[in-house]
Amino acid sequence: MEEEKRSVFRDKRNVVVAAALVFLLMAVVLVFSFLMIGGVLRRKPEVTAQTNKGEANTLIAVADADYEPFSYLDKSKRYQGYSVELIYEAAGRAGLNASVQLMNRDTAWQMLEDGKADVVLNWEIEPLLEESDRLLTIPTAEINYVVYGRDKVSSIGELYGKRIASLKSFKELGLQKEITLLSSYEEVFTALKNNTYDYAICPIQVGNAFLRKLNIRGIRPSYQIAHTYSCMVLRKGNEDLRNRLDIAIGTLHREGVIGKLDEKWVDHHYERMSLSGVLTNYPWIAAVLIFFVLFASFLIYLVVHEYQDNLLKDRIFERINENAGVIDRENIVVEARFSELEKRRAIAEAANASKTRFLAEMSGQIRGPISEMLRDAETARSSLTNPDKLVECVERIRIAGKRLLAGVNEILELVRLEQGSVVLKPAPNDLYSILDSIDSVVSFEAERNNIRLMTRSSDVVDSRVLFDRLRLNQVMVNILSNAIKFTPAGGEIRVTLSQKPNERKGYGLYEFRIKDTGIGMSPEFIEKLYEPFSREHPESMSGAGLGLAIAKRILDMMGATIEVETAPQRGTEFFVTLELRLQYEDVDEKAERAAKKRQAVTSEFDFSEKRVLLVEDEEISREIEKVQLESFGLTVDTAEDGEQAVAAVVKSVGEPYDMIFMDIVMPKLNGYEATKQVRALSNPLLSVIPVVALTANVLEDDRREAFQAGMNSHLSKPIDPELLRDILEKFLV
């Protein structure tokens, strides 16, 4: 019996010791994995791509020497970085030998202007650059400007009145007073580390590199304020070299080489830490290590103690109690998990019901106008000999089409707001312009419904402030459209703008009051007033019920509030309160006159000598779009799918098309693939023809996909004539 006990204890000891070793190994693997993911043990990348095509075909490229991770000098004074390796790859594909030199930016530009360099790397795209004496390649990288600081930033408004360091001014954001321009990003982050500035603005790729390089702790990126693209710059007259580089860069995009370079050079983690930094910033790792060590020691001690004292029965009872406790804890955990699953199921069911309601409402908003249009079209077809009836049907079709388009636009606007694709663009404006817009946009609808519309202001001392005029005007029009819709003939709507006392220096507090004498709302409906598709009287009123939902989301983005006072048959009054930054700078009248002069010149441009290719698989859409293009004097050729489009481009080698309008969803070959094949053509005159996407998909992801496919711009269907004119002037003037 004694020998049997010893055997039992010997086996138990081996099992427990093995378990302790496994736990220790798991702790080591956990810490090692964290260090690998955090970048502590990650090997610093080096340039491996080289070209060797002979000195006769040498391409001289220059770039910043302190712009990590794109171009910089390592500790051994070797040229490193994403852009350095990229130019080697691109030069090799173009049949050239690249020679790279790193220096400060001013010297690099001077070398380009003096003809001592062929290409400047790391240039951010600006719309008017092509009008100067330089050429741009297609984009080589995406640049996302974000705000760095110890405190998180969630909106542009939080930056006003702060000390900000950067290399770029961002005039369009109205931050001229706050931003101080320094000479390098190393100087920017050194000053931020020393608390000389509250925030810094720079590309996230560069910022993360300098956080690591300068060993800065406690500073994180938060709010993205701008998005652009980086490219290479050449002198005018080097069109052939630019085209060769464009083809090479496009090939690198398609082959995934640029994506691999991004993974290699760009650090997507916010900081790399030493082991002491890991334990300091993440004390839970130290706690886990201590726990595993103590646990293993306890198990070993328990086995030794148990073996020496031979207390088998005590250990059996102890294990029974331990197992009972584990079972109780597991039961509690199971019950908690079951409760959590029930909550998730309820949330999923609510989300599914909301989605079903959304689709049902959207279907109703689309099917109604379409049914009216089909009915009137059938009536028009049977009334071809009755001109008056035919005109009446066409007018009703036009009105239904406008209502359908307005409903779809509202749905898309709500989707963009929900996805966070809408970005406010505050600029110096006068609040009185909102009242003027109300008079010009809404007054006609009010007069048509025999409703008296009055606008006035009260105690407005500082009317010139910084705000997004388009979005605030959208909010006011949505609220007023509802007021007109629910106010009977002979009623009255008053719009009042007033300025309230405000303690915050440099900011004004303003209130818009919109009061009507309409039918009012019930207390039950007010609780869901700002929900999408909310309508208290859906059977008697038209509209999708999205106007106030959109207005509420825009006001939330502005940091504004909206309140309502109403009662059935007693009218409704909305109160919109905004805190806006005062704007004292004068308008640059000279710049405005120059912009108007440029607009007047371009608006008179003659497109009669331009030839374009329209690619559209639907016959009716193709005919309508062809007429629209021909109305601008263009010569229009057509293709029914992507394969025909590529063949037509190849045949036009003697007289290449000036522009291609490309549908996206087509049989045989879609618009994205057709554009990629055009960009891959060996003839540089054909591969650089501007391509404009034609699609009903207008979300930001669709625009980005079109750009990545090699398209130059994006037009949504149905085509807006003004937007079409802007596109033609941009690429054909």
Side-chain angles (χ1 to χ4, degrees), residues 410 414 417 431-432 434-435 437-439 441-443 445-447 449-461 463 465 467 471-504 507-580:
E410 281 191 336
L414 182 64
L417 287 166
L431 278 174
Y432 286 116
I434 300 299
L435 298 181
S437 296
I438 291 172
D439 286 333
V441 176
V442 184
S443 59
E445 186 69 18
E447 291 177 5
N449 289 272
N450 192 23
I451 297 173
R452 185 183 180 192
L453 176 64
M454 293 178 291
T455 61
R456 68 185 185 91
S457 60
S458 174
D459 301 326
V460 178
V461 179
S463 64
V465 288
F467 66 95
R471 293 300 174 184
L472 182 55
N473 190 62
Q474 183 181 3
V475 169
M476 300 304 297
V477 169
N478 284 4
I479 297 175
L480 282 165
S481 296
N482 260 32
I484 293 174
K485 188 184 303 180
F486 295 101
T487 300
E492 180 179 281
I493 299 175
R494 293 174 179 266
V495 182
T496 305
L497 167 63
S498 60
Q499 184 172 355
K500 304 296 182 181
N502 193 31
E503 297 180 356
R504 189 179 182 188
Y507 288 80
L509 187 64
Y510 303 91
E511 181 184 69
F512 284 93
R513 302 178 66 172
I514 303 96
K515 181 178 178 62
D516 64 57
T517 59
I519 62 176
M521 293 176 281
S522 65
E524 296 79 13
F525 179 70
I526 293 177
E527 297 180 0
K528 53 183 180 180
L529 178 61
Y530 304 112
E531 295 180 4
F533 302 108
S534 294
R535 292 169 293 176
E536 189 171 17
H537 308 284
E539 72 283 349
S540 60
M541 295 296 176
S542 62
L546 295 176
L548 290 180
I550 292 173
K552 181 66 167 62
R553 283 155 177 77
I554 294 175
L555 290 174
D556 289 343
M557 292 175 63
M558 293 180 172
T561 62
I562 180 170
E563 298 177 354
V564 62
E565 291 183 1
T566 183
Q569 306 307 321
R570 293 187 180 182
T572 301
E573 185 170 13
F574 284 95
F575 302 85
V576 177
T577 306
L578 311 95
E579 186 181 54
L580 302 173

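Side-chain contact between L509 and R504 is absent, with no heavy atoms from C-beta onward closer than 4.5 Å. Taking the side chain as every heavy atom from C-beta outward, V475 and F512 never approach each other to under 4.5 Å. Within the 4.5 Å cutoff, side-chain heavy atoms of L472 are placed close to those of I434. Two residues are said to be in side-chain contact when any heavy atoms from C-beta on lie closer than 4.5 Å; N478 and L548 fail this criterion.
Within the model, atoms CZ of F467 and CG of L431 stand 4.5 Å from one another, a figure rounded to the nearest 0.5 Å. Between atom CG of residue L580 and atom CD of residue Q499 there is a gap of 10.0 Å, rounded to the nearest 0.5 Å. Here the CD atom belonging to Q474 is positioned 10.0 Å from the CG atom belonging to L555, to the nearest 0.5 angstrom. Here CG of D459 is found 10.0 Å from CG of L497. Values are rounded to the nearest 0.5 Å. Atom CD1 of I562 is separated from atom CG of L578 by 10.0 Å, given to the nearest 0.5 angstrom. To the nearest 0.5 Å, the span separating CG on L435 from OG1 on T496 amounts to 9.0 Å.
In this structure a side-chain-to-backbone donor-acceptor pair under 3.5 Å is present from T517 to E492. The closest donor-acceptor contact from the side chain of N449 to the backbone of I451 lies at 3.5 Å or more, if one exists at all.
With sequence neighbours excluded, no residue satisfies salt bridge (Lys or Arg N to Asp or Glu O under 4.0 Å) with R456.
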Distance-only check: which donor-acceptor pairs under 3.5 Å involve side-chain atoms of residues 569-576, not counting sequence neighbours?
{"unit_1": "T572", "atom_1": "OG1", "unit_2": "T566", "atom_2": "OG1", "d": "2.9"}
{"unit_1": "E573", "atom_1": "OE2", "unit_2": "R513", "atom_2": "NE", "d": "3.0"}
{"unit_1": "E573", "atom_1": "OE2", "unit_2": "R513", "atom_2": "NH2", "d": "2.9"}

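For P568 against M521, the heavy-atom pair with the smallest separation is CD-O, 3.3 Å. Shortest non-hydrogen contact noted between Y507 and N502 is O-ND2, 3.1 Å.
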